[in-house]
2 protein chains.
Amino acid sequence: MSQAGGDTGLERPSRPTIRDVAARAGVSKSLVSLALQNAPRVAPETRELILAAAEEIGYRRNAAAHALVARRTRTIGVFVLDLHNPMTADVLDAVQAEARRRDYRTIVVVGGEDAAAERAELEKLLEFRVEGILAVGHRLPHGAEEAVSADCPAVVLGSAPRGVPHLGSISNDDVLGAGLAVDHLVGLGHRRIVHIDGGASAVADDRRRGYLEAMRRHGLGDLAAVVPGSFSDEGGYRGARAALGADVPPTALFVVNDLAAMGALAAVADAGLAVPGDVSVVGYDGTALAGMRPIGLTTVGQPLAELGMRAAAHLCGLLDGEAPAEAHALLRPALVERRTTAPPVGA
Amino acid sequence: MSQAGGDTGLERPSRPTIRDVAARAGVSKSLVSLALQNAPRVAPETRELILAAAEEIGYRRNAAAHALVARRTRTIGVFVLDLHNPMTADVLDAVQAEARRRDYRTIVVVGGEDAAAERAELEKLLEFRVEGILAVGHRLPHGAEEAVSADCPAVVLGSAPRGVPHLGSISNDDVLGAGLAVDHLVGLGHRRIVHIDGGASAVADDRRRGYLEAMRRHGLGDLAAVVPGSFSDEGGYRGARAALGADVPPTALFVVNDLAAMGALAAVADAGLAVPGDVSVVGYDGTALAGMRPIGLTTVGQPLAELGMRAAAHLCGLLDGEAPAEAHALLRPALVERRTTAPPVGA
DNA sequence: GATGTCTGCTGGAACGGTCCAGCAATGTTC
DNA sequence: GAACATTGCTGGACCGTTCCAGCAGACATC
């Protein structure tokens, strides 16, 4: 009963403050503050004394108090649409590295489930006074349009509406990338190339457009065919089944992303056909998944690390008042040739 | 020139505060504070008035000021070791959902690169006054041992040292899981089962031990063989090559995780052998990767969502002063049978 | 020796909230 | 109708920092 430590959950241990350091070092709290900031007007021996005192009592600056008086947080909010997309990890790594390099903190929130939860997360971000928003995943969080302003600019990693003030974007050129896929297949001798698309989204639109334009460019406009799919494994499977069930089946499939291409690969196998012997398959995104040895998917690779780095650099640069670079940057994708594409039979 | 908005980057627009709301509603700032907190003693019509005023001027609470006076942040720091591991996304989703449910915020940092950067990130987390640390990835961040205390408990998702106060862990039972893999293969008729391990880590140790114990239990102790590998694609490939090159090659491979199993699958193919015709392969983790249609890897599935949920629940519960559940919980994995295992030839 | 300029330090006012004590009205009780 | 509660509101202290004005004392300048 006289046992110590039987805490009631009501005690306030309270971490040491700048005043505790001051008391221990026998100086004023102002001087402690100056010493900790490496201010010039502090005598070297006093500084040592203060630093030692801080160390001894385990002092650590309170970020909330600091943010309050500094009136800024040096923090950007990173909104991630889908953590499961293999692209996200690469992009996020680069974003965090670049933010750290520029001495910005990141706070990551995950959206995608439902609009209400997304709004709530965004609200928390704004209460935190994040200085900018970086959206990874082709769109802003729900309700973010009205939050984007001079004191909270945003950058979308993917296509974003042009002309909106304080809203930038970095994306790869999806139209061009889709063209690369078609060029590659046509170069191998394919003519009946079907595109399995990603439904209604800006990215899917661009890739579809790039496919159609390239087919026309190669004089294959009449053979162009788009089958509805989605960005998922499942969508690719369904799309490929539909495509392969046509009267005159295609010899090649260009699928909207790598994940969906997995599904397409499975559908080709289920149809008793071989890849790339009977059917060639090209994905999009250049994810680690595509590079996995038993898969070896030919894909259109996006410069993910550069995308992330550029997006973070753009946003942090804006916040640091650097010369405002072009608001909408487009990076060039490149074809990554692996083992799911080959000349068509009889070519 | 007389154009407005030519900002110099020096102006202070400064978001509206509680005082601005008070001025607009014609009440005191105290009352605004009470109204925004849904305090009881506020007249309904006044509350409406205040809420309307806040809405009109776009007031948003300042989290830093709130944290300062509340002396707590309701935030936990989530330390992620490897964003690229497909397990991470599942776990993180569950962690975030559970934290949100309990009205805690999460702030995610990524470690793994180098110890110094990890320490710096941890320092930022502590300056933020996170109330607890949740480590996703089998270990605490570097330098976290001394930070773990009554006012900053930690939970490791994976095995953690026992007996350290304020340090808990949630993990799946790797020894049992490895046993399940062996049981499955032995049940199919395999006897020469080789384990491709994960090198020197607590998880690798447990899985290796589980494998060895199970082999002995089945009376196959003499046939047990462990080949060095790693948790990566590459490590699995190397390990499998070595295993298949033996004088009497195995009929089944139990690989330390799904990613390494990908490499093993490739090595089997490169050796001109068929899966599961000639060689059966079992992975570990139950990742989405394993479930992908063209792969269909048999694996030991961890209850990832439950793992994440339990970890977050444990930590938040601790912070809310709930009855301290057992510090180290062990969850049961389950075998997920797919298409990479079959009876050995001639069985 | 009056004036001025450094150097090294200190007190106190912010920052934007919360919350406690207090204070008029109004209502209730005996 | 005095005593006491209750309701609805307000002023001010405080949370842990930063930073500005100010102030001794040392030193240089005329």
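Letters A, B, ... are given to chains in the order of the sequence lines, protein chains preceding strands, and every chain is numbered from 1. Atom set for the values below is all heavy atoms of this structure, side chains included, hydrogens, waters and symmetry mates excluded.
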Taking CZ from B:R41 and C1' from D:dA5, how many angstroms apart are they, rounded to a whole number?
10 Å
Set out, in order, the CA-CA distance, both residues' side-chain angles and the distance that settles side chain to side chain donor-acceptor pair (under 3.5 Å) for A:D90 and B:H84, then state yes or no.
CA-CA 8 Å; A:D90 284 328; B:H84 292 82; 2.8 Å; yes
So among B:D93, B:L157, B:V91, which one has a side chain to side chain contact (heavy atoms under 4.5 Å, CB included) with B:L304?
B:V91
Could you give the CZ-to-P distance, from A:F128 to C:dC15, as a whole number of Å?
21 Å
Quick one: A:D20 CG to D:dC15 P, roughly how many Å, whole number?
11 Å
Can you check whether any acceptor in the base of D:dT17 is under 3.5 Å from a donor in the side chain of A:R19, or vice versa?
yes
Hey, could you give me the CD1/NE2 distance between B:I170 and B:H314, rounded to the nearest 0.5 Å?
6.0 Å
Between protein and nucleic acid, restricted to nucleotides 19-28 of chain C and to nitrogen or oxygen atoms under 3.5 Å apart, what atom pairs and distances do you find?
from	atom 1	to	atom 2	distance (Å)
C:dC19	OP2	B:Q37	OE1	3.1
C:dC19	N4	B:S30	OG	3.2

Is the closest basic N to carboxylate O distance between A:R15 and B:E127 below 4.0 Å?
no
Going by salt bridge (Lys or Arg N to Asp or Glu O under 4.0 Å), A:D103 matches just one of A:R100, A:R105, A:R101. Which one?
A:R105
Heavy-atom closest pair, residues B:P16 and B:G58:
CG-O, 3.6 Å
Reported CG-to-CD distance for the pair A:D320 and A:E131, which is rounded to 0.5 angstrom:
8.5 Å
Quick one: which of C:dT10, C:dC9, C:dT18 gets closest to the side chain of A:S28?
C:dT10
Check A:V130, A:V109, A:I133, A:L140 against A:L122 for a side chain to side chain contact (heavy atoms under 4.5 Å, CB included) and give me the one that passes.
A:I133
Round to a whole Å and report the spacing from CZ of A:R61 to P of D:dG16.
15 Å
How close do B:R47 and B:A39 get, heavy atom to heavy atom, and via which atoms?
NH2-O, 2.9 Å
Quantified as the angle between the terminal helix axes (five pairs each), what is the overall bend of the helix from C:dG1-D:dC30 to C:dC30-D:dG1 to 10 degrees?
50°
Rounded to whole Å, how long is the line connecting atom CG of A:N62 with atom C1' of D:dT18?
13 Å
May I ask you to decide whether B:E98 forms a salt bridge with B:R310, counting only side-chain N to carboxylate O separations under 4.0 Å?
no
Provide, to the nearest angstrom, the distance between the CG atom belonging to A:L68 and the P atom belonging to D:dC15.
14 Å
Over how many whole Å does the gap from B:E127 atom CD to D:dC15 atom P extend?
20 Å
In a check of side chain to side chain contact (heavy atoms under 4.5 Å, CB included) between B:V78 and each of B:L92, B:I107, B:L315, which one passes?
B:L92
On DNA chain D, does the nearest nucleotide to B:R47 precede the nearest nucleotide to A:T17 from the 5' side, or the other way round? Give the residue.
B:R47
For DNA chain D, which residues in residues 48-55 of chain A have a heavy atom at a distance below 4.0 Å?
none
